[in-house]
Amino acid sequence: MMRSISVTRAALLLAVLLGLPGATALARGINQTPDAFIQETFPRPPKPKVIWLTGDLKKEIEKILQHPYAKLRVKYWKKGDKSAWVLDEIGKEKPITVGVIINDGKIASLRVLAFRESRGWEVEQPFFTRQFTQAGLRKDNRLDRNIDGITGATLSVRALKKLARMALLLDQNIRK
Amino acid sequence: MLKGQTVSGLSYDLALTSGLKVDPGSIKIRGGRQKVAKADASNPALTGRIRYSGISGLELAATAQYQDDITQQSGDGVESATLVETHAVWNRGPLGVKALFAQWNIDGAVAAAAKKDVQSGYYLEASYKLTPKLGLFARHNTWSNQDGIDKIQQNAGINFWPHENVVIKADIQQQNDDAGNADGFNLGIGYQF
């Protein structure tokens, strides 16, 4: 008797809590499509180009990512000193899609276009992504500034830092 | 499990779980953990957490758990239990600071007679990354599982990350008499996948 009362009480409590208006839940998934991102970056989008990942460039990218990179080429958009990149990297289990705009060798903006992980959602927020603004690449292919992490989102933070470095490296190579 | 978050960096989690099944003789909370596949869920536990992570490098959180009978046996003098916990984490550049406090309050005459009706503890930790691959830390822990017995442990150590998913750890440890006086050192290796 005692046990059945306990279960009932707990179930009722949970039901009440489930009925809470709750915080505004952010929809996990697509924040912006790559097409919309490019359209926003370039009101008159240039035709996309590709950079082939061969030789030392491929090795440098894999050194940044700390794992093999399967793609043979990466698509980008460029007009003047501005280039735009849409790149993916797995945080813990699922790919995070990031759009990076680089202007004259510095990150003009970085945006999470799609976040599919169950944890680490904070990396989508402007308070985190704006740390990348004006970041450049040092000679050792590390960012020229510290990016403060987020407790509980270590792997997502790491993925974004890698993609920022990768985009800057690719931009360097298309401007050679 | 229910969770959600706001754009301001506030999030919540709610969970209904099978709960602890503490031995009413020893009232050792850690010993009350069950294997999930065989867990007795006659008196489930309800856990809620509120967490703020709206500033890079900062986390503030508070957790509460309630179970209406922590032994899942009625009439044994060890009844409902509430856990409250709060912690703060602050990372800025290479520097990190953590603080955590937790306390159990256990109802029942037997728990009170054993002086185990209030069990609490805290730790303070500071860390510093000398390089991306090398870090130092120091931690002070104080906890009590029985009124009048205050355990203290201090650790200071070094972490080395040969790969981003691998850590090699070494630290020295000092304990007071109540904690077992197990002074010495620890060596460990961790791999996340």
Side-chain angles (χ1 to χ4, degrees), chain A residues 1-28 63-67 92-93 118-132 140 142-143 145-155 157-162, chain B residues 1-19 40-61 66-69 72-75 79-80 87-96 98 129 132 163-166 192-193:
Chain A
M1 184 63 183
M2 187 70 184
R3 288 181 180 181
S4 64
I5 290 170
S6 302
V7 173
T8 306
R9 191 187 300 159
L12 278 172
L13 189 51
L14 186 63
V16 169
L17 290 167
L18 284 169
L20 283 172
T24 307
L26 297 174
R28 286 218 177 77
K63 193 174 172 186
I64 288 171
L65 297 177
Q66 297 263 301
H67 62 75
K92 181 173 174 58
E93 294 168 339
S118 59
R119 293 171 184 272
W121 55 273
E122 293 94 335
V123 297
E124 296 178 285
Q125 302 301 316
F127 75 78
F128 177 73
T129 56
R130 65 173 164 247
Q131 293 185 93
F132 291 91
D140 60 359
R142 291 190 173 275
L143 296 176
R145 66 197 56 206
N146 178 69
I147 303 294
D148 286 319
I150 296 167
T151 303
T154 305
L155 298 179
V157 168
R158 188 184 290 170
L160 262 64
K161 287 162 76 173
K162 287 177 178 177
Chain B
M1 182 83 187
L2 179 68
K3 57 185 178 179
Q5 68 260 1
T6 69
V7 290
S8 60
L10 203 62
S11 62
Y12 71 87
D13 300 275
L14 281 171
L16 185 65
T17 60
S18 50
D40 185 348
S42 304
N43 297 86
L46 185 65
T47 308
R49 178 177 73 160
I50 295 176
R51 177 171 170 257
Y52 176 73
S53 52
I55 298 172
S56 289
L58 176 68
E59 173 176 297
L60 302 171
Y66 175 77
Q67 187 174 350
D68 71 348
D69 189 342
Q72 306 209 32
Q73 295 174 33
S74 58
E79 309 301 338
S80 68
H87 68 260
V89 182
W90 177 241
N91 289 303
R92 177 62 72 184
L95 184 66
K98 291 181 185 176
K129 271 196 163 181
H163 180 273
E164 63 180 11
N165 293 326
V166 178
Q192 67 176 8
F193 53 90

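Letters A, B, ... mirror the listed sequences (proteins, then strands); counts begin at 1.
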Whatever's closer than 4.5 Å to a heavy atom in chain A on B/Q192 counts as side chain
A/E122 side, atom CD; B/E59 side, atom CD - distance, nearest 0.5 Å
8.0 Å
Donor-acceptor contact present, side-chain A/D148 to main-chain B/G93, <3.5 Å:
yes
Run B/E164 and A/H67 through side-chain contact (heavy atoms from CB on, under 4.5 Å) and show every step you take.
CA-CA 11 Å; B/E164 63 180 11; A/H67 62 75; 6.0 Å; no
Sort A/L155 into side chain, backbone, both or neither according to what part of it lies under 4.5 angstrom from a heavy atom of chain B.
side chain
Nearest heavy-atom pair of A/S118 and B/K3: which atoms, and what distance?
O-NZ, 3.6 Å
Taken to the nearest 0.5 Å, the spacing of B/R51 CZ from A/T151 OG1 works out to 7.0 Å
A/L65 atom CG, over 12 foreign heavy atoms within 6.0 Å
yes
Contact leader toward chain B among A/R142, A/R145, A/Q131, where contacts are heavy-atom pairs under 4.5 Å:
A/Q131
Note: vs chain A, highest number of non-hydrogen pairs under 4.5 angstrom among B/G54, B/G9, B/P94 is B/G54
Heavy-atom pair with the smallest gap, counting every atom of B/N165 and A/R158
OD1-NH1, 2.9 Å
Roughly how far, to the nearest 0.5 Å, is the OG atom of B/S53 from the CZ atom of A/F127?
5.5 Å
